[in-house]
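These figures come from a predicted structure and were not determined experimentally.
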Amino acid sequence: MNTDAPRLRPPNHRVDRRAVWWWTTRSLAVTVVLTVVPVVPALIWEPVRPWFLLAAGILGGVGLLITVAMPQWRFRVHRWEITDTAVYTSSGWLWQEWRVAPMSRIQTVDTARGPLQRVFGLSSVTVTTASAAGPIEISGLDHTLATEVADQLTDSTEAIPGDAT
């Protein structure tokens, strides 16, 4: 048995604390939109107004509960780590996932910053591998750190011979 092979284990590093505000803002925006959608027909169509307002109330209440709970929970779960041999991630909210990607399987490394991420000074790093499970994403990193992580991963994978398949 190869003792140098990467093992599935919890990663060490938390995402940036500002990710909580990013997730909260995103969730609140979705909640507002989903709550307003049934309010508009309720204002126009009087016979079903109570049902649309009830739907708006339920959507708004559930959305606010999710907005309060989800970002804190995700912050507790989301972790990442890069070693000489692999990238480790832990993510999720209701469905949690631990992933490990050996450096030899990495094909591309990308960074992304949406408009809301830019407001909070955050970025995401996506590591695409030769895996049917899809890419690994590390979301909620400080923008400067995300750039350093992408550079480190690129340098590490370039040093490994082979075509990552």
Side-chain angles (χ1 to χ4, degrees), residues 4-39 55-157 164:
D4 294 336
R7 302 256 185 247
L8 188 60
R9 63 175 175 76
N12 287 330
H13 306 295
R14 285 186 186 261
V15 297
D16 194 284
R17 185 76 179 148
R18 291 171 290 175
V20 172
W21 291 108
W22 171 49
W23 291 322
T24 301
T25 305
R26 279 188 351 184
S27 181
L28 189 57
V30 169
T31 298
V32 167
V33 169
L34 290 178
T35 303
V36 168
V37 166
V39 169
I58 291 169
L59 288 169
V62 171
L64 287 176
L65 285 173
I66 290 170
T67 298
V68 169
M70 177 269 299
Q72 296 297 328
W73 185 256
R74 284 181 76 179
F75 184 72
R76 290 183 51 185
V77 171
H78 282 231
R79 300 270 194 283
W80 66 278
E81 183 178 356
I82 297 169
T83 67
D84 290 339
T85 58
V87 177
Y88 296 85
T89 61
S90 172
S91 62
W93 178 40
L94 295 177
W95 287 267
Q96 296 175 7
E97 176 179 73
W98 281 3
R99 302 263 315 264
V100 58
M103 290 293 181
S104 62
R105 303 289 284 175
I106 294 174
Q107 294 178 326
T108 62
V109 179
D110 303 299
T111 59
R113 297 181 78 193
L116 201 51
Q117 284 177 304
R118 285 194 297 273
V119 168
F120 291 102
L122 300 172
S123 290
S124 296
V125 174
T126 302
V127 178
T128 305
T129 65
S131 166
I136 293 177
E137 185 172 324
I138 308 169
S139 296
L141 296 180
D142 174 78
H143 175 61
T144 303
L145 178 59
T147 303
E148 292 169 6
V149 165
D151 288 345
Q152 177 187 353
L153 286 171
T154 301
D155 292 344
S156 295
T157 55

ask   = Is there a donor-acceptor contact under 3.5 Å from the side chain of S27 to the main chain of W23?
value = no
key: Donor-acceptor pair, side chain of R79 and main chain of V15, under 3.5 angstrom   = no
query = Does V20 reach the side chain of W22, with side-chain heavy atoms less than 4.5 Å apart?
reply = no
Sequence-distant partners of E81, salt bridge (Lys or Arg N to Asp or Glu O under 4.0 Å), two or more places apart = R9
ask   = Within a strict 4.5 Å, meaning less than it, do heavy atoms of the L153 and D155 side chains meet?
value = no
Shortest non-hydrogen contact from V125 toward A146 = CG2-O, 3.6 Å
request  = Would you check if there is a donor-acceptor pair between the side chains of T129 and Q107 at a distance under 3.5 Å?
outcome  = no
inquiry  = Could you check whether any side-chain N or O of R105 sits under 3.5 Å from a backbone N or O of S131, counting only pairs where one atom can act as donor and the other as acceptor?
reply    = no
inquiry  = Test your reading of the model: is there a side-chain donor-acceptor pair from R99 to the backbone of P135, 3.5 Å cut-off?
reply    = yes
ask   = Has the side chain of S90 got a donor or acceptor atom that lies under 3.5 Å from a matching backbone atom of W98?
value = no
inquiry  = Check whether R18 reaches the backbone of F120 with its side chain - one donor and one acceptor, N or O, closer than 3.5 Å.
reply    = yes
ask   = Looking only at heavy atoms, which two atoms of Q117 and S124 are closest? And how far apart?
value = NE2-OG, 2.8 Å
key: Beyond-backbone contact of T31 with I66, side-chain heavy atoms, under 4.5 angstrom   = no
V149 side chain reached by W80 side chain, heavy atoms, under 4.5 Å = yes
task = Check whether any side-chain heavy atom of R26 sits under 4.5 Å from a side-chain heavy atom of L116, and report yes or no.
result = yes
note = Here the pair of heavy atoms bringing W73 nearest to Q96 is NE1-NE2, 3.1 Å
query = Going by heavy atoms in the side chains, are I106 and V87 under 4.5 Å from each other?
reply = yes
ask   = Which value, rounded to the nearest 0.5 Å, describes the distance between L141 atom CG and R113 atom CZ?
value = 11.5 Å
query = Is there a donor-acceptor contact under 3.5 Å from the side chain of E148 to the main chain of L145?
reply = no
query = Looking only at heavy atoms, which two atoms of L122 and G140 are closest? And how far apart?
reply = CD2-O, 3.9 Å
R118 backbone acceptor or donor facing H143 side chain under 3.5 Å = no
message = How close do T111 and A150 get, counting heavy atoms only, and between which atoms?
response = CG2-CB, 3.6 Å
key: V37 and V39: CA distance, side-chain angles, deciding distance, side-chain contact (heavy atoms from CB on, under 4.5 Å) verdict   = CA-CA 6 Å; V37 166; V39 169; over 6 Å; no
From CA spacing to verdict: side chain to side chain donor-acceptor pair (under 3.5 Å), E137, S91 = CA-CA 9 Å; E137 185 172 324; S91 62; over 6 Å; no
remark   = Between the CG atom in L28 and the CG atom in L64, the distance rounded to the nearest 0.5 Å is 7.0 Å
query = To the nearest 0.5 Å, what is the distance between NE2 (H78) and CH2 (W93)?
reply = 11.0 Å
note = Closest non-hydrogen contact found for D84 with M103 is O-CG, 3.6 Å
